[in-house]
Amino acid sequence: MDLVLLCVFLPLLTVAWGQYGDYYYSHSDYGGDDAWVNVYRQGFNFQCPQGQVIVAVRSTFSKKEGSDRLWNYACMPTPHTLGEPTECWWEEINRAGLPWYQTCSNNGLVAGFQSQYFPSVLDREWQFYCCRYSRRCPYSCWLTTEYPGHYGEDMDMMMYTYDYYIRGAQTTFSAVERSVSKILLDASHAPQG
């Protein structure tokens, strides 16, 4: 009798566990076998699939390649507590060669980036792709520590807990080095339950 019950309930337990198991996505799962989303000195457009947002940013710098960076991103589905995306949009373009600070308007979360390289200033312009969710609550937002910490430093920033998300970034531009010298990321804590 116990063996029969085990055979009946084990598949049900497995199905129930699988339904809750979709919350785990490895933060090291960057796009395409660790391939970069751009090549040096070229533009790119990266968008997470519908219902997912950026949770990791990786970048490597090359002065030899026009003081440019290669970029890679990882996306993860948002929890059900945020609801479904109600709208997505492209924010205004942040011009190359200038310092800027950008957060997604309308309580949006970053779900993609678009960037174009400008050889005249050895810098990139950026545009954020943002999505707003139906159950978005007020959040506590702060600038994380600087990523990268110094000019020319590689970057590998991951949101280690599932309920923190990227809302924006800030850069400073060095006329001497002619490159983005620091990137600061806003992290937003999602509401519980």
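A donor-acceptor pair under 3.5 Å is absent between the side-chain atoms of Thr60 and the main chain of Asp154, judged by distance alone. At least one donor-acceptor pair closer than 3.5 Å links the side chain of Asp68 to the backbone N or O of Arg41. Listed for the Arg69 side chain is no donor-acceptor partner under 3.5 Å among the backbone atoms of Met155. Not a single donor-acceptor pair under 3.5 Å links the side chain of Asp123 to the backbone N or O of Ala96. Counting only distance, with no hydrogens or angles, the side chain of Gln127 and the backbone of Glu91 share a donor-acceptor pair below 3.5 Å.
Thr78 and Gln52 are not linked by any side-chain donor-acceptor pair at a separation below 3.5 angstrom, with hydrogens and angles left out of the test. The closest side-chain donor-acceptor pair between Arg167 and Thr103, if any, does not fall under 3.5 angstrom. If you check the side chains of Trp89 and Glu87, you find no donor sitting under 3.5 Å from an acceptor.
Contact annotation: the side chain of Val53 never approaches that of Ile166 to less than 4.5 Å [non-hydrogen atoms, C-beta and beyond]. Using a 4.5 Å cut-off on side-chain heavy atoms (C-beta onward), Arg132 and Pro85 make no contact. At a threshold of 4.5 Å between non-hydrogen side-chain atoms, the residues Leu82 and Leu109 count as touching. Residues Tyr165 and Val110 are not in side-chain contact: their nearest non-hydrogen atoms beyond the backbone lie 4.5 Å or more apart. Using a 4.5 Å heavy-atom cutoff, the side chains of Cys75 and Ile54 are in contact.
Here the two rings, on Phe46 and Phe113, have centers that are 6.0 Å apart or farther. The aromatic ring centres of Tyr101 and Trp126 sit 6.0 Å or more apart.
The SG atoms of Cys88 and Cys130 are placed at least 2.5 angstrom from each other.
With values rounded to the nearest 0.5 angstrom, Phe44 atom CZ is found 5.0 Å from Asn38 atom CG. Atoms CZ and CD, from Arg95 and Gln116 in turn, are 11.5 Å apart once rounded to the nearest 0.5 Å. If you take CD on Glu153 and CZ on Phe61, they are separated by 11.5 Å, rounding to the nearest 0.5 Å. One finds the CD atom of Gln50 at 6.5 Å from the SG atom of Cys131 (value rounded to the nearest 0.5 Å). With rounding to the nearest 0.5 angstrom, the CG atom of Leu122 is 9.5 Å from the NZ atom of Lys63. Interatomic distance, CZ of Arg135 versus OG1 of Thr86, reported as 12.0 Å (0.5 Å rounding).
One hydrophobic cluster, built from ILVMFWY side chains closer than 4.5 Å, holds both Trp100 and Val57. Residue Tyr40 is grouped with residue Trp36 when hydrophobic side chains (ILVMFWY) are merged at heavy-atom distances under 4.5 angstrom, including chains of intermediate members.
A pairwise comparison of heavy atoms in Gly168 and Phe128 identifies CA-CE2, 3.6 Å as the closest pair. Listed here is the closest heavy atom pair of Gln42 and Tyr117: N-CB, 4.2 Å.
Contacts of Tyr129 classified as ring pair (Phe, Tyr, Trp, His ring centres under 6.0 Å), with partners at least two apart in sequence or in another chain: Trp90.
In the displayed structure, Glu84 atom CD is contacted under 6.0 Å by at most 12 heavy atoms of other residues, nucleotides or ligands.
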